[in-house]
Amino acid sequence: MRDTRRTVGVFAVAALVLMGWLGAYGLWDQDEGRHAAIARELYAATTWRGWLIPSHNFTDYHDKPILYYWLTSLAYLGVGVNELGARLVSALSALATLAAVFGWTSAVWDARTGRRAVAVLATSMGFVCLGRYGSLDMLLTCWITVGLVAAERYLTEPARRVWLVTAAGAAGLGMLTKGLVAPLFIAGVPLLHAWLAGSRRPPMRAGLLALGVFTLVAAPWYVAVALLDPGYLRELFLEHHLARFAQQGTAFHPGPWWYYVPGLACLLFPWSLLLPAALAVTAPRRDPALRYCLCWAAVVIGFFSVSQGKLATYILPALPPLAIVVAHALGGLETTTATGRRLTAIGLVALGVVLVAAAPIALRIERAPWDQLVAAGTGYLALLPLAAAGILLTWWWRGLSAATTAVAACAAASLIVLYAGAAPLVSQLTSARRIADVITAHVKAPIVSYGVTPASLLFYVERPVVRLDRPRALRQLLAEEPFAWIVTSPRHVDAIARVVPVYPWVTTGRRVLYATAPSSTVASARLHQTVD
């Protein structure tokens, strides 16, 4: 009973961190706003084609498969077309990932280690941020996690085909979420692990069963799309898979081979500072489950390190196995070798230094508009040195085990404060909601996005936005319209003003709203009469 209460308590805190104030702030550009707008257009579709082929700005969108947009559309149906609905799929995927981690870790070791793994993962900065961010990354991570823990269970208990079916089904759902990455990892990691361990290969019948389940889940949509729009799959696989992996270019986010070292440190923070100690005290040769976790993380990070296109979010699927490794090590840090204790001490001291240094470094930001955000959050920054002092004093007074508990508590509290207090401030700088509110409250006129891509604007205004980046094209459009809205950045205002007289309406962090008439009440009333 006590174990059950503790497990419920850990998941309750995780749910608060991931779900609290989820819809209380505007969508962040670019990715979150874009995916929310695509799902909104899918939600409003009235034809079979509209439900099978996603669109962005009312034009076919071939970058990603369909599943995330289907699920987000269902979220809109359940909770409304709003910020909560746009983020709900990611948050629920994060909770499902935590449940899969807890179930597998408890089965392999015990419930205490499972709770630690949930606590580590649910207080890792990257996991929480992406779990509260409306994008495909957390849903993909959920399918990969479910698939890989089920595959490991099948390797351990080959008589239970349900694990094989679960892994194959997760691979199919991952294929519908972001393409080939999920089946590649779900099939590749267990096979590599079995080969390294000298285990025999699964029987042919098992492979055929997995392939059948995978095909049954993934194939129908791909076949339908191939019939409706043959160019869709060609662009998806050649440009957004093969080219992103093999070709160089600024469009594919290039990065050096060591790109994911600092990326992983940020995503797993604060636990990344204890990861060296955890790796030092693990015994993968004596524990196949730990060896499986390390193989899982190494394959994900190694694959994306080889890829030419790199983004820190790509290695999110490596966080669950690394969180498990850290959680397993936390139980024995005080009784481990001198090297392990030394690395743990270094990690805790480094964490304290990072927290103490964060506040003065942030206060030195002088690039508007981010300095406004820092100034508004000065009270929150003052809590960081207190958190560092609390962790280090706990370590000195109660030992390493209590100190790591303090790390989890401080991380959870910091994330709650971040999203309850600071996230709305960030939205003022990164969301187009305020601009959209002004547009929808006044004149229904053409909306021009000049030199910028405020993706969330499409979600809020619910109609097409004309994207331009040349003065001549803008002049031609405005010559045909008595009134138009222009969303741009401050650096483009002079170029626009040389083409046509414009008047400022709203200024947000990185975007400004101009129009071809002033915002006075008299002008607005006249414009309403003209439009009517």
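Only a predicted model underlies this, so the values are computations on that prediction, with no experimental measurement involved. All residue numbers refer to positions in the sequence shown, counting from 1.
- Inter-residue side-chain proximity for Leu264 and Leu319 is flagged as met; some heavy-atom pair is nearer than 4.5 Å.
- Arg87 places no side-chain N or O within donor-acceptor distance of the main-chain N or O of Gly134, the cut-off being under 3.5 Å.
- Here the side chains of Val128 and Thr123 are not in contact, with every heavy-atom distance at 4.5 Å or above.
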Checking side-chain contact (heavy atoms from CB on, under 4.5 Å) for the pair Tyr259/Val261: CA distance, chi angles, key distance, verdict?
CA-CA 6 Å; Tyr259 177 88; Val261 174; over 6 Å; no
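- Between Trp485 and Phe483, the angle of the ring planes goes over 60°, which puts this pair in the perpendicular group of the 30/60° scheme.
- Closest approach of Val225 and Leu52 over heavy atoms only: CG2-O, 3.9 Å.
- Electrostatic pairing of Arg34 and Asp31 counts as a salt bridge here, judged by a charged N lying under 4.0 Å from a carboxylate O.
- Using a 4.5 Å heavy-atom cutoff, the side chains of Glu480 and Gln476 are not in contact.
- Using a 4.5 Å heavy-atom threshold, the side chains of Leu77 and Tyr43 count as touching.
- For the atom pair CG (Leu355) and SG (Cys410), the distance works out to 8.0 Å, reported to the nearest 0.5 Å.
- At distances below 3.5 Å, at least one donor-acceptor pair connects side-chain atoms of Thr440 with backbone N or O atoms of Asp437.
- Panel note: side chain Ser431, backbone Arg433; a donor-acceptor pair is recorded below 3.5 Å.
- Between Phe459 and Tyr76, the ring-plane angle classifies as tilted under the 30° and 60° cut-offs.
- Side-chain atoms of Asp60 never come within 3.5 Å of backbone atoms of Ile53 as a donor-acceptor pair (strictly under, hydrogens ignored).
- Using a 4.5 Å heavy-atom threshold, the side chains of Thr508 and Arg434 count as touching.
- A distance of 9.0 Å separates OG1 of Thr97 from CH2 of Trp143, quoted to the nearest 0.5 Å.
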Set out, in order, the CA-CA distance, both residues' side-chain angles and the distance that settles side-chain contact (heavy atoms from CB on, under 4.5 Å) for Lys444 and Ile439, then state yes or no.
CA-CA 7 Å; Lys444 187 175 182 179; Ile439 292 175; over 6 Å; no
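- When each of Tyr69, Trp51, Tyr232 is paired with Trp221, the ring-ring contact (aromatic ring centres under 6.0 Å, His included) condition holds for Tyr232 and for no other.
- The shortest side-chain heavy-atom distance between Trp21 and Ile416 falls under the 4.5 Å cut-off.
- Checking side-chain atoms of Asn82 against main-chain N and O of Val79 turns up a donor-acceptor pair under 3.5 Å.
- Distance CZ/Phe58 to CD/Glu41: 4.5 Å, rounded to 0.5 Å.
- The closest donor-acceptor contact from the side chain of Asp29 to the backbone of Ala455 lies under 3.5 Å.
- Note: Met138 CE to Phe127 CZ = 4.0 Å, rounded to the nearest 0.5 Å.
- Residue-environment remark: CZ (Arg49) exceeds the threshold of 12 foreign heavy atoms within 6.0 Å.
- In this structure, Ser456 contributes its side chain and Ala432 its backbone to a donor-acceptor pair below 3.5 Å.
- Side-chain rings of Phe303 and Tyr314 stay apart, their centers remaining 6.0 Å or farther from each other.
- Closest approach of Gly263 to Ile315, counting heavy atoms only: C-CD1, 4.5 Å.
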Does His442 form a side-chain contact (heavy atoms from CB on, under 4.5 Å) with Trp505? I'd like the steps, not just the answer.
CA-CA 11 Å; His442 290 83; Trp505 280 60; 3.7 Å; yes
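- Taking the side chain as every heavy atom from C-beta outward, Tyr503 and Thr516 never approach each other to under 4.5 Å.
- Taking every heavy atom of both residues into account, Ala75 and Gly85 meet most closely at CB-O, 3.5 Å.
- Across all their heavy atoms, Ala100 and Thr145 have their closest contact at CB-CG2, 4.2 Å.
- Rounding to the nearest 0.5 Å gives a distance of 10.5 Å between OH of Tyr68 and OG1 of Thr177.
- When the ring-ring contact (aromatic ring centres under 6.0 Å, His included) test is applied to Tyr260, no partner is found at least two apart in sequence or on another chain.
- Cation-pi contact between Arg132 and Tyr419: present, with separation from the ring centre below 6.0 Å and deviation from the ring axis of at most 45°.
- Counting only distance, with no hydrogens or angles, the side chain of Ser55 and the backbone of Tyr61 share no donor-acceptor pair below 3.5 Å.
- In the model, Ser449 has no side-chain atom that pairs as donor or acceptor with a side-chain atom of Arg467 under 3.5 Å.
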Report the C-alpha distance between Phe269 and Ser272 in whole Å, list the side-chain angles of each, state the deciding distance to 0.1 Å, and finish with yes or no for side-chain contact (heavy atoms from CB on, under 4.5 Å).
CA-CA 5 Å; Phe269 184 85; Ser272 53; 4.1 Å; yes
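- Looking at His492, its side chain never comes within 3.5 Å of a backbone N or O of Thr488 through a donor-acceptor pair.
- For the pair Gly421 and Pro424, the tightest heavy-atom approach, listed with the atom from each and the gap, is O-CD, 3.6 Å.
- The only member of Leu139, Leu140, Asp63 that meets side-chain contact (heavy atoms from CB on, under 4.5 Å) when paired with Lys178 is Leu140.
- Val407 is listed as a side-chain neighbour of Leu351, based on a closest heavy-atom distance under 4.5 Å.
- When all heavy atoms of Trp296 and Ile144 are compared, the pair lying nearest together is NE1-CG2, 4.4 Å.
- Within the model, atoms CG of Asp137 and OG of Ser90 stand 8.0 Å from one another, a figure rounded to the nearest 0.5 Å.
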